[in-house]
Participant: 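Please find one structure pasted underneath; my questions will follow.
Note that this is a predicted model, so its numbers are computed, not measured.
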Amino acid sequence: MTKPISNPTKRQEAPKFPATPRRKALLARVHALAKELGLEGDGYRLVLRALTGKPSCALMTEEELLEAARGLEALRREGEDNSAEALRREFGWM
């Protein structure tokens with residue numbers, strides 16, 4: 001009898017972090033900055049992964065959310081240049 005093949009593309013289940021006021025504020029800040037920068041979908045996940053090593057806020061600790069917010073704020077401050085070129089410079093993707 002053969003063993004069933006597991007689905008290798010199964011999404012990682014998010015850990016259950018407590019919904020503290022600080023966590024809620026950090027989540028709101030990250031999402032607001034991403035919206036302001038026009039980041040969505042795969043681009044948003046790539047930037048989060050570059051900043052924290054994780055593609056989703058649900059997978060991040062409060063410290064990682066703070067790191068993501070600071071990174072997004074740095075992108076915003078970079079002369080309000082939201083182009084792909086600015087992202088390449090910020091993350092060294094030249």
Side-chain angles (χ1 to χ4, degrees):
M1 185 182 242
T2 60
K3 190 175 182 179
I5 299 173
S6 64
N7 185 358
T9 60
K10 186 177 178 183
R11 289 184 138 184
Q12 180 180 1
E13 188 172 323
K16 302 296 181 198
F17 293 110
T20 63
R22 181 176 186 241
R23 181 173 183 79
K24 288 180 184 180
L26 288 167
L27 284 166
R29 185 68 182 143
V30 167
H31 290 125
L33 286 163
K35 184 176 181 178
E36 187 178 325
L37 291 166
L39 296 172
E40 56 185 44
D42 289 339
Y44 171 68
R45 285 183 284 282
L46 282 171
V47 170
L48 289 182
R49 188 180 296 274
L51 292 169
T52 67
K54 296 183 180 172
S56 167
C57 289
L59 302 172
M60 295 180 198
T61 64
E62 286 183 9
E63 290 74 26
E64 290 166 331
L65 287 168
L66 180 60
E67 188 176 328
R70 287 180 176 160
L72 291 170
E73 286 169 352
L75 278 175
R76 187 184 66 178
R77 282 191 305 270
E78 192 178 292
E80 299 295 324
D81 184 3
N82 303 334
S83 67
E85 185 63 33
L87 291 172
R88 284 189 202 97
R89 280 194 310 272
E90 179 70 22
F91 296 112
W93 297 338
M94 298 302 243

Participant: What pairs with A50 under side chain to side chain contact (heavy atoms under 4.5 Å, CB included), at least two apart in sequence or on another chain?
Facilitator: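 Partners of A50 by the side chain to side chain contact (heavy atoms under 4.5 Å, CB included) criterion, ordered by chain and then number, come out as F91, W93.
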Participant: Could you pull out all donor-acceptor pairs under 3.5 Å where a side-chain atom in residues 67-74 meets a protein atom, sequence neighbours excluded?
Facilitator:
from: E73; atom 1: OE2; to: R29; atom 2: NE; distance (Å): 3.1
from: E73; atom 1: OE2; to: R29; atom 2: NH2; distance (Å): 3.3

Participant: Under 4.5 Å between side-chain heavy atoms, hopping through other hydrophobics if needed: is there a path connecting L33 to M60?
Facilitator: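 Per the 4.5 Å side-chain linkage, L33 and M60 are co-clustered.
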Participant: Kindly work out whether a path of hydrophobic side-chain contacts (I/L/V/M/F/W/Y, heavy atoms less than 4.5 Å apart) joins L65 to L46.
Facilitator: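 Result: no, two separate clusters.
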Participant: Who are the salt bridge (charged side-chain N to carboxylate O under 4.0 Å, His left out) partners of E64, not counting sequence neighbours?
Facilitator: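 Expected list: K54.
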Participant: Atom CG of D42 and atom CZ of R49: how far apart are they, to the nearest 0.5 Å?
Facilitator: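 D42 CG to R49 CZ: 10.5 Å, rounded to 0.5 Å.
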Participant: Are L26 and F17 grouped together when hydrophobic residues (ILVMFWY) are joined by side-chain heavy atoms under 4.5 angstrom apart?
Facilitator: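 No, it is not one cluster - the side chains of L26 and F17 are not joined through contacts under 4.5 Å.
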Participant: Evaluate the criterion side-chain contact (heavy atoms from CB on, under 4.5 Å) for residue pair Y44 and H31; output intermediate values, then yes/no.
Facilitator: CA-CA 10 Å; Y44 171 68; H31 290 125; 3.2 Å; yes
Participant: I need the L75 CG to L51 CG distance, nearest 0.5 Å.
Facilitator: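 The CG atom of L51 is 6.5 Å from CG of L75, to the nearest 0.5 Å.
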Participant: Only pairs at least two apart or in different chains count here, so list each side chain to side chain donor-acceptor pair (under 3.5 Å) that has a residue in residues 17-26.
Facilitator: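 Residue pairs with at least one partner in residues 17-26: T20-E62, R22-E62.
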Participant: Would a 4.5 Å heavy-atom cut-off, applied to side chains only, mark L37 and V47 as touching?
Facilitator: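 Side-chain contact under 4.5 Å: no.
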Participant: Measuring from C57:SG to R45:CZ, what's the distance to the nearest 0.5 Å?
Facilitator: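 These two atoms lie 11.0 Å from each other.
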Participant: Would the number of heavy atoms belonging to other residues, nucleotides or ligands and lying under 6.0 Å from CD of E63 be above 12?
Facilitator: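 Counting other residues, nucleotides and ligands, CD of E63 exceeds 12 neighbours.
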